[in-house]
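Okay, so here's the structure we're looking at.
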Amino acid sequence: MEIFICVAVTLLVFYLLHRVGNNDGEKNNIVPESSEYIKREVGEQTQEECIELCMKVLRSMNCKVERDKEATNKLNFKYQGGHFSIFCDSKLIEIWFLFWYEIDLDDIDRLAKARRIINDLNLDSPMPCVSYAINDELQKMYIHSSVGTVFINEIPALDDLMGFYLGRFFETANKFTVRMAAEEK
């Protein structure tokens, strides 16, 4: 009986110590020491910190990142041969995969097929969103895709998350290319 009481009291003491330790961490909004990136209090991230966090993550993925000279919140980089840009807010980023397909404006049939496929892709999976831009001067339609996401230090494995998004861009571009080839046969 005495052993049972000692074990119960010991477990109660450990439980109370564990609860007190967790409550102190929650009250002070302490970021765990295992966090790999910028150390700061939860909920506070400036645009500049978001840019630095993106740059650190992209560099860990062996990307050469450059800040845009005109748009202060824009980063440009290449990943697996594709041209990407990221627009940073304080906690949100928008990733763009740019100019991955082009069509001459003179080819009305291909333009119609491309627009239909873009609509289908966006209905099938809204992430990433596929869009196009028309350049009248060059007589080209360029296809791009984008995704917006929260990007804060508290998200674990940010490089894996970034890799996931970048991989999805290539999957979507490949689906588009395959469907265009099938439509043209």
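The model shown is predicted, which means the values in this text are computed figures rather than measured ones.
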Can you hop from [X] to [Y] via hydrophobic side chains spaced under 4.5 Å?
X: Met127; Y: Ile118; value: yes
X: Phe169; Y: Val65; value: yes
X: Phe77; Y: Phe164; value: yes
X: Tyr142; Y: Ile134; value: no

What's the spacing between [X] [atom1] and [Y] [atom2] if we round to 0.5 Å?
X: Cys54; Y: Glu49; atom1: SG; atom2: CD; value: 12.0 Å
X: Thr177; Y: Ile143; atom1: OG1; atom2: CD1; value: 8.0 Å
X: His144; Y: Ser85; atom1: NE2; atom2: OG; value: 10.0 Å
X: Arg67; Y: Thr72; atom1: CZ; atom2: OG1; value: 7.0 Å
X: Gln47; Y: Lys91; atom1: CD; atom2: NZ; value: 13.5 Å
X: Ile51; Y: Phe87; atom1: CD1; atom2: CZ; value: 11.0 Å

Name every donor-acceptor pair, under 3.5 Å, that has one atom in a side chain of residues 93-101 and the other anywhere in the protein, sequence neighbours excluded.
from	atom 1	to	atom 2	distance (Å)
Glu94	OE2	Trp96	NE1	3.1
Trp100	NE1	Ser145	OG	3.1
Tyr101	OH	Arg110	NH2	2.6

- request: Let me know which of Val150, Leu158, Ile152 forms a side-chain contact (heavy atoms from CB on, under 4.5 Å) with Glu154.
  value: Ile152

Pair Leu105-Leu111, side-chain contact (heavy atoms from CB on, under 4.5 Å): steps then yes or no: CA-CA 7 Å; Leu105 291 183; Leu111 289 173; 4.1 Å; yes

task: Show your working on side-chain contact (heavy atoms from CB on, under 4.5 Å) between Glu48 and Cys88 and close with a plain yes or no.
output: CA-CA 8 Å; Glu48 189 60 34; Cys88 299; over 6 Å; no

field: Partner set under side chain to side chain donor-acceptor pair (under 3.5 Å) for Ser146, not counting sequence neighbours
entry: none

- line: With sequence neighbours left out, the residues meeting side chain to side chain donor-acceptor pair (under 3.5 Å) with Ser90 are none

Flag the pair [X] / [Y] as yes when at least one side-chain heavy-atom distance between them is below 4.5 Å, and no otherwise.
X: Leu121; Y: Lys175; value: yes
X: Tyr165; Y: Leu161; value: yes
X: Leu75; Y: Met55; value: yes
X: Gln45; Y: Leu53; value: yes
X: Asn122; Y: Cys129; value: yes
X: Arg179; Y: Lys113; value: no

Minimal non-hydrogen separation, Met141 against Ala114, with atom names: CE-CB, 3.6 Å

message: Restricting to non-hydrogen atoms, name the atom on Met162 and the atom on Ile86 that form the minimum distance, rounded to 0.1 Å.
response: CE-CD1, 3.8 Å

field: Worked verdict on Lys140 versus Ile103 for side-chain contact (heavy atoms from CB on, under 4.5 Å)
entry: CA-CA 6 Å; Lys140 298 277 186 189; Ile103 300 172; over 6 Å; no

message: So that I can tick it off, tell me whether Glu66 and Lys64 are bridged by a salt bridge, with the cut-off set at under 4.0 angstrom between side-chain N and carboxylate O.
response: yes

Results of side-chain contact (heavy atoms from CB on, under 4.5 Å) for Asn119 - residues two or more places apart only: none

message: Please list all pairs meeting side-chain hydrogen bond (donor to acceptor under 3.5 Å, both in side chains) that have one or both residues in residues 126-139, counting only residues at least two apart or in different chains.
response: Arg115-Tyr132

message: Quick test of your reading: applying salt bridge (Lys or Arg N to Asp or Glu O under 4.0 Å), list the pairs with at least one residue in residues 69-78, sequence neighbours left out, ordered by first then second residue.
response: Asp68-Lys74

